Amino acid sequence: MAPPSDPFSQEAVVRKKNNGPPVKFLLPLIYAPVLPLIRISLRHKPVLRDRLFAAVLAGAFVHGFYLVTDLYDIESK
């Protein structure tokens, strides 16, 4: 049996259990179908339709920017 100060035995304890896919990468599967639904369902309210569409699209760009900067931050370490 390895002594408690052995770094190889501690490595197994430090690892995080991966229970599934990260939600931040699955988020586009939610807001991508919402964009056409906004355009279709709010045909008779053009001001609300355009503002809501722009807000969701801006959120998508912000989310994409977050993912890209997060990936670059990980690679730089």
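What you see is a predicted model, and the numbers here were worked out from it, not measured in a lab.
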query: Do the side chains of Y66 and F25 join up, straight or via other hydrophobic residues, at under 4.5 Å, putting them in one cluster?
result: yes
statement: Value for CG (L35) from CG (L52), rounded to nearest 0.5 Å, stands at 9.0 Å
field: Residues D50 and K45 bridged, charged N to O under 4.0 Å
entry: no
statement: Note: P28 and P33 closest approach over all heavy atoms is O-CD, 4.1 Å
query: Shared ILVMFWY cluster between F61 and V56, side chains joined below 4.5 angstrom?
result: yes
message: Looking at every non-hydrogen atom in both residues, tell me the closest pair between F53 and I38 and how far apart they are.
response: N-CG2, 4.1 Å
- prompt: Which heavy-atom pair separates R43 from R49 by the least distance, and what is that distance?
  reply: O-NH1, 3.9 Å
